[in-house]
There are 2 protein chains.
Amino acid sequence: MKDASEQKSQLRKGLLELAVLLVVSRGSVYASDILKQLKDSDLLVVEGTLYPLLSRLKDDGSLGYQWQESKSGPPRKYYQLTKKGESDLSQLLQTWTNLSQSINSLIKITK
Amino acid sequence: MKDASEQKSQLRKGLLELAVLLVVSRGSVYASDILKQLKDSDLLVVEGTLYPLLSRLKDDGSLGYQWQESKSGPPRKYYQLTKKGESDLSQLLQTWTNLSQSINSLIKITK
DNA sequence: ATTACTACCTTGTATCACAAGGTACTAGGT
DNA sequence: ACCTAGTACCTTGTGATACAAGGTAGTAAT
């Protein structure tokens, strides 16, 4: 283990998909909105991570999008959850709950 | 997203190091002990994942070990936390707590 | 036409979980 | 002495993915 930031990065792996689906589930958003909301939740993500992830979720059929013009720059891609995305999110939430409880039970025994 | 097992695997990435350190922190154990305890906590890990992880933790100075003979087979490597390992674990626990709260706060807002 | 800002995307690298396969020690039966 | 079964350790190869760095292109104001 080298330092705190690497540690955080490792622990975060795999959670980003859940976090992004949660953000999108609140309403139509484009990439910068997502980055901002994740930052507000202390789940910092960078562009190089987010864009490929959004593409994967779109290819999987979990997300859809429409282009929308902006008054202050180039057009934006606004994403929404599809039916499949809603179902995926609900499964991920279940998985998250189980995993979280597993870790917390290990912590309790340790204490 | 393809299926539930892949989903689970993705979400679990990065948590295994924390889980293993937690198990070892309870006392001297060898690989099969760790596998069994993680299985009991529904955090299934396979040998091909655990052995490289133990080697990494040893190389990082977080774990130490001694060989110990067994009456029922080849000798075993018993692992313990080093001082550094204890410090790493405590940092990881802090990171876990923060991350967990971040995700849970996103969930609450969504609901 | 240059600069600044915004927004989308790609490439290359390092890391890691896992499947599959391999080595080696002990014990018990033949 | 020779198998077979059980246990325990480890390595190799593959696919996935978070991230840094760099690239393209639209709008708007000087």
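Residue numbering restarts at 1 for every chain, and letters A, B, ... go by the order of the sequence lines. Quantities reported herein were computed from a predicted structural model and do not represent experimental measurements.
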Against the side chain of A:Trp67, the closest entry in D:dA25, C:dC8, C:dA19 is C:dC8
To the nearest angstrom, the OH-P distance between B:Tyr78 and D:dT7 comes to 14 Å
Nearest whole Å is fine: how far is C:dC8 P from A:Tyr65 OH?
11 Å
Within the structure shown, what part of the strands sits under 4.0 Å from B:Ser32 by heavy-atom distance: base, sugar-phosphate, or nothing?
sugar-phosphate
Does a side-chain N or O from A:Tyr51 land closer than 4.0 Å to OP1 or OP2 of C:dC8, or not?
yes
Taking NZ, NE, NH1 and NH2 as the nitrogens, is one of them in A:Asp88 or A:Lys84 under 4.0 Å from a carboxylate oxygen of the other?
yes
Over-ring placement of A:Lys77 relative to A:Tyr30, 6.0 Å and 45° cut-offs
no
Between B:Tyr51 and B:Tyr79, is there a shared hydrophobic cluster once you connect ILVMFWY residues whose side-chain heavy atoms come closer than 4.5 Å?
no
How close or far is atom C1' of D:dA16 from atom CZ of B:Arg12, stated in whole angstroms?
14 Å
OP1, OP2 of D:dC10 versus side-chain N and O of B:Lys77: anything below 4.0 Å?
yes
Taking for each residue the nucleotide of DNA chain D with the nearest heavy atom, is it A:Leu16 or A:Gly73 whose nucleotide lies nearer the 5' end?
A:Leu16
C:dA7, OP1 or OP2 - any side-chain N/O from A:Tyr30 closer than 4.0 Å?
yes
Find which nucleotide of DNA chain D each of A:Ser70 and A:Leu15 is nearest to by heavy atoms, and output the residue with the more 5' nucleotide.
A:Leu15
Between A:Leu50 (CG) and D:dT17 (P), how many Å, whole number?
14 Å
Quick check: does any side chain N or O of B:Ser41 sit under 3.5 Å from a backbone N or O of B:Leu43, one acting as donor and the other as acceptor?
no
Any N or O donor-acceptor pair linking the side chain of A:Glu47 to the base of C:dC8 at under 3.5 Å?
yes
Identify whether B:Val24 and B:Tyr78 are in the same connected component of the hydrophobic contact network (ILVMFWY, side-chain heavy atoms under 4.5 Å).
no
Rounded to whole angstroms, how far apart are CD on A:Glu69 and P on D:dG26?
12 Å
Can you tell me the distance, in whole Å, between the CG atom of B:Leu54 and the C1' atom of C:dC16?
14 Å
Rounded to whole Å, the CZ-P distance (B:Arg76 to D:dC9) equals 8 Å
Just N and O in the side chain of B:Ser72: are any of them under 4.0 Å from OP1 or OP2 of C:dT26?
no
Let me know the distance between NZ of A:Lys36 and C1' of C:dA7, rounded to the nearest Å.
17 Å
